[in-house]
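Computed over heavy atoms, backbone and side chain alike; hydrogens, waters and symmetry mates excluded.
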Amino acid sequence: MSKFVVVLLVGFAFAKAIQAQTLKSPNGAFEMQFTLDSNGTPQYQLQLNGEPVIKKSSLGFELKNDEKSLKNDFSVVATDRSSFDETWQPVWGEESQIRNHYNEMAVTLKQAGTDRIMVIRFRLFDDGLGFRYEFPQQEFTYFVIKEELTQFAMTGDHTAYWIAGDYDTQEYDYTTSRLSQIGALHNSAISDNASQTPFSPTGVQTALMMKTDDGLYINIHEAALVDYSAMHLNLDEETMVFTSKLTPDVNGDMAYMQAPTTTPWRTIIASKNATDILASRMTYNLNEPLALEDTSWIKPTKYIGVWWEMITGKSSWSYTNDLPAIQLGKTDYSTLEPNDTHGATTAHVKDYIDFAAQHGFDAVLVEGWNQGWEDWFGHSKDYVFDFVTPYPDFDVKGIYEYAKSKDVKMIMHHETSGSTRNYERHLDTAFQFMKKYGYDAVKTGYVGNILPRGEHHYGQWTVNHYQHVLEKAAEYEIMINAHEAVRPTGIARTYPNLIGNESARGTEFQAFGGSKPNHTTILPFTRLIGGPMDYTPGIFEMDISKVNPDNDSHGNFTLANQLGLYVVMYSPLQMAADLPENYNRFLDAFQFIKEVPVDWEVSKYLEAEPGGYITIARKDKNSSSWFVGNSNGTTARTATVDFKFLEKGKKYKATIYADAKDAHYKNNPQAYKITTKNVTHKTKLDVFTAPGGGFGISVVEVE
Ligand code: NOJ
Ligand code: CA
């Protein structure tokens, strides 16, 4: 049982705001002020240890149909203050206990001439600020947001780790630049995607990571994105002020509102220590508590899959090359000539099940098992898959029984091709089919433009679709791993059956030409702030032409780096993405992937610099073992691991999987060495990391 204390301190009324209202974080380090300017426009500002983090910034909305905007003529009618302190236990996570501790100030505003009521609720934690807009029950019930006008005024020309703002994709490489360079670099930051809609030359996505010249780390994101559109940020390069940019619907409207309602929380995490950004739980804390009564069916999972072979082009999702187009239900596959590249055949899947059983993996994902892949995206096709009809060479029942006999779970795959309408049409039948054949997790996908046409991946309509699928899945006790969906905002606190999301540039891009070598030293500061990523690490063969001679891509990382990612890139769902034959070539290194847990009791963020390096130590939730992981950027470096996190008086054996001295992501990525060493809480260990390198260390208690 979690303990909580709520103290209502003061509630008092102003006829008119005369002076700033101040709120401090529980430890007093953060302070914020709320004010109304002479036009009655709400404003806030934030400081950390007396230094400005966010300068005075305005709040409000523009409404559709020339309705009087919600941005000025406000007066304060009440200010309610309270404190909250509770510790809760996530179903899975980086730690088994999370403290939710904040001071709150809710400012009730009334707009002159309209009598509209808008509450702005601020929660100040020891790691940062969250605030949201609330519209209580009132005469003013229905309204349509034309633009949200939330500002984040920066104190200078910070260094930013950004991807281009886009209503449909986050699958971009990060650019590191001064804020003032975003406009100049914007075009070069955009690469091709099956669905993409950049909207402005200075637009960036959240979670946005920044660093000031004084060494302050600032992260801006949102929490609890429900029934609203995702927020991007637009920079005014003259003033260094970001303004929120919501994702529009087909008509250009940003959100349909009906009071009583709230917006998502806007979040600012800040610290002089980069590791504090990684350790922050504010995003989860701003979400609603668990909505499910029974969570015993939600299980952290390590899996392999019939997947990388399709991503690299070695095999195909499709069954035949006979037809250029498919009409589901009207195409008779039994009369078609099978190609010899189809990956998801019964015999091949059974080989994967054997490999999973042999090496202790929980599950096997199979893509391309169902009819329709010959013609699956790019034509705005509505009825694209039915999610229940297998290809002739995939024996659903036989595979189910075989997997069961080997104690291996199957992971379902539902590619929707962005046709959310079609997915909703089939959802119940598809989930019932899953339950019948023993699947309790599904990887969903949204490649291509969204249907209904004109909607975007990150708009309110589509956000509601992802939420609907998540809640429906919970009814069926099904876990969701959504690819190409909106980036997470801590929703997994409420619905922990959301065990994974892609919503960023994943490992697949290493087979589509490559990603920057320091990519995984940035993702934990950006995409992972809202929740875990199905990054699919574990690629041991970086020369993709060795997998498929027609693909000349090269992965920009070392083998030891891939091991480190199982610790650095926290997820309760981790894939060993490479082909079994590549693991068989490096069984000693594969041992780390086999041993590394996917659920933790405690995490210690040892050192971090966005774009540079990250080293994290985590303790297994189910044993006394620790695992340390590092991902390194483009420059060779030696990390010093201080084992002071180990229990005093105990002895441990560390197995260190590290880059060899001559390792390099470009020309020598498979050079690693494995050493062992007895360690205690007093040990300090230097570990070399190559460009694009990293390491993994398992630390097991010994007598
Ligand atoms: C894109 C996903 O990210 C990838 O993992 C999947 O294999 C393809 N879509 C096909 O669904
Ligand atoms: Ca993808």
Treating [X] as the side-chain partner and [Y] as the backbone partner, does any N or O pair qualify as donor plus acceptor under 3.5 Å?
| X | Y | value |
| --- | --- | --- |
| Ser229 | Met254 | yes |
| Asp168 | His456 | no |
| Ser200 | Gly203 | yes |
| Asp126 | Ser25 | no |
| Tyr570 | Gly93 | yes |
| Thr416 | Gly418 | yes |
| Lys211 | Ala274 | no |
| Thr295 | Val91 | no |
| Gln170 | Glu502 | no |
| Gln111 | Phe74 | no |

Under a 3.5 Å threshold, yes or no: a donor from one side chain and an acceptor from the other, between [X] and [Y]?
| X | Y | value |
| --- | --- | --- |
| Asp214 | Thr212 | no |
| Tyr495 | Gln467 | no |
| Tyr161 | Thr526 | no |
| Gln460 | Tyr228 | no |
| Tyr605 | Asp276 | no |
| Asn422 | His426 | yes |
| Thr206 | Arg487 | yes |
| Gln21 | Gln33 | no |

| Candidate pair Lys146 and Glu67, rule salt bridge (Lys or Arg N to Asp or Glu O under 4.0 Å), full reasoning | CA-CA 10 Å; Lys146 188 167 150 198; Glu67 264 199 76; over 6 Å; no

At what distance, to the nearest 0.5 angstrom, does [atom1] of [X] lie from [atom2] of [Y]?
| X | Y | atom1 | atom2 | value |
| --- | --- | --- | --- | --- |
| Ser82 | Asn103 | OG | CG | 8.0 Å |
| Leu46 | Phe30 | CG | CZ | 6.0 Å |
| Asn285 | Ser280 | CG | OG | 8.0 Å |
| Lys24 | Glu31 | NZ | CD | 5.0 Å |
| Phe131 | Arg123 | CZ | CZ | 13.5 Å |

| So Glu222 and Arg266, salt bridge (Lys or Arg N to Asp or Glu O under 4.0 Å) or not? Walk me through it. | CA-CA 5 Å; Glu222 66 179 316; Arg266 278 66 189 93; 3.0 Å; yes

Validation row, ring centre [X] to ring centre [Y] under 6.0 Å:
| X | Y | answer |
| --- | --- | --- |
| Phe143 | Phe61 | no |
| Tyr102 | Phe125 | yes |
| Tyr44 | Phe34 | no |

Side-chain heavy-atom pair [X], [Y] within 4.5 angstrom cut-off:
| X | Y | value |
| --- | --- | --- |
| Thr489 | His221 | yes |
| Asp80 | Glu104 | no |
| Asp440 | Lys435 | yes |
| Lys64 | Tyr256 | yes |
| His186 | Ile182 | yes |
| Tyr458 | Gln205 | yes |

| field | Test side chain to side chain contact (heavy atoms under 4.5 Å, CB included) applied to Met282 and Asn100, Asn219, Leu129, Thr267, the passing residue | value | Thr267

| task | Assess whether salt bridge (Lys or Arg N to Asp or Glu O under 4.0 Å) is satisfied between Glu147 and Lys245, documenting all intermediate values. | result | CA-CA 7 Å; Glu147 217 62 85; Lys245 181 74 192 163; 3.2 Å; yes

| query | Can Arg281 be said to sit on top of Trp88's aromatic six-ring, NZ or CZ under 6.0 Å from centre and within 45° of the ring axis? | reply | no

| task | Determine the sole option in His101, Glu95, Gln97 for which the side-chain hydrogen bond (donor to acceptor under 3.5 Å, both in side chains) test with Arg99 is passed. | result | His101

| task | List for me each residue that meets ring pair (Phe, Tyr, Trp, His ring centres under 6.0 Å) alongside Tyr446, sequence neighbours excluded, and say none if there are none. | result | His465, Tyr466

